[in-house]
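These notes concern the structure reproduced below.
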Amino acid sequence: MPLNIIVTAKQVIDPETPASALRLNSQLKRMETPPNIPPVINGFDENAIEAALRIKDAKGAANVKVTVISAGKSFVLDVIKKPLSMGADELVLVQDDALEGLDAFATAQVLLAAIKKVGKFDLVVCGRQASDYDQAQVPLFLAEGLGIPCVTIAKKVEVPESKLVVERVLPNGTEEVEATLPALVTVSNELGQPRYPTLRGIMMATRKQPTTWKLGDLGLSPAALQPKVPIEQLFVPTSQRQCEFINGENEEDKGRKLALKLREAKII
Amino acid sequence: MAAGTEGYELPEELKMAQRTVRDFVQAEVVPLEKTLDYDAIALPKEDFDRLASKTREMGLWCTGVPQEHGGAGLSLFAQAVLEEEVVQHRAGLYCPVYGTMGRPPPEIIWVGTDYQLQTYGLPSVRGERRGWYAITEPSGGSDPARAIQTRGVRDGDDWVLNGSKIFISGAPWGDWGIVFARTDPQRARGLTAFIVENRWPGFTMNPIPVMRAFYPGQLFFDNLRVPGRNVLGEVHNAWDLLANKLLARARIPYAAANLGVAVAAHRMAVEYSKTRQTFGAPLSSRQAIQWMLVDSEIEIRASRWLVWQAAWRYDAGEDFRQEAAIAKLYSSEALGRVVDRSIQIHGGYGVSKWLPLERWYREARIRRIGEGPSEVVRMVIAREILNPASRHD
């Protein structure tokens with residue numbers, strides 16, 4: 001029996017988009033995709049795909065099946081197929097007009113239903129967070145919903161025999177933990193650079209068609225996806241700059257006055 | 001039935017390959033350039049090896065070389081699409097990705113004998129040797145039928161070459177090349193192609209300082225003895241190799257490179273104009289700037305269609321020479337204008353060596369001379385317009 005790995009991947013606005021090209025729609029409370037700048041797959045999700053493919057490399061291609069799941073309102077096919085060109089086996093797209101502006105909990109419900117519909121899995125690999133809202137919540141909801149252990153912020157993921165071994169990133173170093181399978185792991189950029197697609201992989205990816213499901217195929221209705229954390233307001237914060245020169249009799253005096261000012265402003 | 005067309009956008013695999021190459025150049029090459037000399041034409045060995053091993057793994061090594069010779073065997077159209085991305089860095093116009101996607105030998109080596117392929121073609125694909133070709137002489141380059149005075153005279157099984165070539169790109173860094181020489185003085189096109197090696201007695205090379213760091217060389221042949229097995233193609237019949245298989249074809253990737261650098265320069269101009277404030281408003285709000293950006297946008301799009309059309313015709317086996325000439329002419333002139341506008345929009349920063357625009361500006365100037373000066377290319381295009389019935393070559 002092959003090891004079944006499911007990777008979640010999200011199509012996001014390219015974080016390299018120049019700030020001047022970004023449009024924030026305050027009324028609809030969302031970011032508008034710049035028309036001439038194609039979206040990308042969330043960077044941490046590419047790390048997750050890489051982690052899954054490294055397990056596939058280690059265990060042999062025939063012994064591991066990597067299925068990538070993505071949910072969204074619409075996809076740019078030659079973007080979202082990138083995991084296939086990197087070496088993933090299958091791509092499942094949950095595509096529905098209702099899948100716009102979901103909060104993390106609702107997104108997790110959709111992915112949860114999709115994972116259950118895919119069926120058997122041993123490991124779920126997610127990026128640690130998405131570069132659009134950076135909430136890092138979906139993987140935790142998923143693990144909870146699936147009732148499986150969750151290990152976060154991995155820099156190394158291995159599956160020797162039938163257990164999960166993860167090297168986690170800590171503020172002051174790393175730690176190694178183990179979990180029983182099935183389990184969920186979130187991957188960080190410390191894992192290393194994701195592989196580039198190969199020309200051969202690209203040719204194979206274009207021959208594969210993703211499995212596409214609507215919300216109804218998962219037994220979900222838009223009503224079930226009402227946000228638990230609605231966005232009240234979306235705006236670009238305004239910042240004001242004031243410049244003040246500190247005068248003093250000498251360097252020490254200026255330093256002292258500067259320290260006082262900073263303390264008054266509660267900066268130090 | 002409404003008249004339609006099969007499609008008006010790139011196929012999915014080409015879009016994916018294009019994005020992959022773009023990611024590679026922007027993530028691997030552009031950051032590296034910050035650590036290099038401004039006019040660098042090569043990478044430190046460890047960086048070259050690191051990037052080259054990635055491109056080999058990606059299947060992007062020598063994309064235009066046929067698969068049976070160790071390349072990716074891409075169509076010229078696919079190569080043109082990728083070339084537009086490959087050149088989008090500071091050294092890109094003349095040293096695309098610093099050779100980390102391979103330095104393929106001159107295309108015409110593949111008509112050679114098995115010996116020639118084994119000795120010159122395949123080692124060059126593997127990165128062990130580097131080839132160049134030499135047409136232009138001090139007497140001229142645009143009219144090789146008259147200008148080539150280098151003589152090749154048979155001597156037993158060998159040939160003996162005497163003469164010189166000038167402005168030969170790649171020769172200073174190569175170790176073998178293809179030299180076109182006159183072997184039948186009775187015929188204007190009585191030319192033969194010889195494979196020579198830089199190290200052979202009778203071959204000398206002097207660098208020619210020019211406005212780009214990737215300088216060309218002047219070659220001298222003084223009783224240069226070439227074995228008969230190094231004749232490429234037929235004796236006295238190298239004209240087709242020279243004019244069609246080499247020169248006309250080369251104009252297509254050349255034009256794609258012009259297009260790519262224009263795209264990069266234009267993108268910088270657009271972005272800068274939106275962030276730079278003058279008199280309380282961004283530059284992009286000024287009509288004078290907007291019109292510059294519009295002109296560049298249109299010229300870039302026009303270049304792209306011309307390049308794609310020429311490449312498509314080549315791949316389809318149709319006569320592509322007129323299209324290649326038009327693409328080369330238009331893209332090289334457009335590149336100069338686009339870079340010039342981008343510099344103008346950037347003001348003082350534009351001519352500083354903090355930005356790649358200064359280097360592109362110098363190197364773009366050469367593009368209106370290399371691979372056929374604009375005036376000669378215009379003459380070629382005019383002949384076809386005025387007398388399409390008689391194919392000239």
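By convention in this document, chain letters (A, B, ...) are assigned in the order of the sequence lines, proteins followed by strands, and residues within each chain are numbered from 1. Values below: all heavy atoms of this structure, side chains included; hydrogens, waters and symmetry mates excluded.
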For each of Lys54(B), Glu13(B), Glu57(B), tally heavy-atom pairs with chain A at distances under 4.5 Å, and name the one with the top tally. Glu13(B)
Give the minimum heavy-atom separation between Glu271(B) and Pro18(A), together with the two atoms involved. OE1-CB, 3.1 Å
Near Lys65(A) NZ, under 6.0 Å, is it more than 12 heavy atoms from other residues, nucleotides or ligands? no
Surrounding CZ of Phe75(A) (heavy atoms of other residues, nucleotides or ligands, distance under 6.0 Å), is the total greater than 12? yes
Once rounded to the nearest 0.5 Å, what's the spacing between atom CD of Glu12(B) and atom NZ of Lys81(A)? 3.5 Å
Report, as yes or no, whether the 6.0 Å neighbourhood of atom CG on Asn36(A) holds more than 12 heavy atoms from other residues, nucleotides or ligands. no
Euclidean distance, Asp23(B) CG relative to Glu46(A) CD, rounded to 0.5 Å: 7.5 Å
Take atom CZ in Arg301(B); do more than 12 heavy atoms of anything else shown fall under 6.0 Å from it? no
Can you name the one residue among Ile202(A), Leu199(A), Thr198(A) that meets side chain to side chain contact (heavy atoms under 4.5 Å, CB included) with Thr20(B)? Ile202(A)
In this structure, are over 12 heavy atoms from other groups packed under 6.0 Å from Gln344(B) atom CD? no
Side chain from CB out, backbone as N, CA, C, O: work out which of these in Glu16(A) comes under 4.5 Å of a heavy atom of chain B, or both, or neither. neither
Just checking Tyr361(B): does its OH atom have more than 12 heavy atoms from other residues, nucleotides or ligands closer to it than 6.0 angstrom? no
Interatomic distance, Asp78(A) atom CG to Met16(B) atom CE [nearest 0.5 angstrom]: 7.0 Å
Report which part of Ala72(B) has an atom under 4.5 Å of a heavy atom belonging to chain A: side chain, backbone, both, or neither. side chain
More than 12 heavy atoms of other groups within 6.0 Å of Arg200(A) CZ: no
Val79(A) vs Arg19(B), side-chain contact (heavy atoms from CB on, under 4.5 Å): CA-CA, chis, key distance, verdict: CA-CA 9 Å; Val79(A) 170; Arg19(B) 186 162 294 132; 3.1 Å; yes
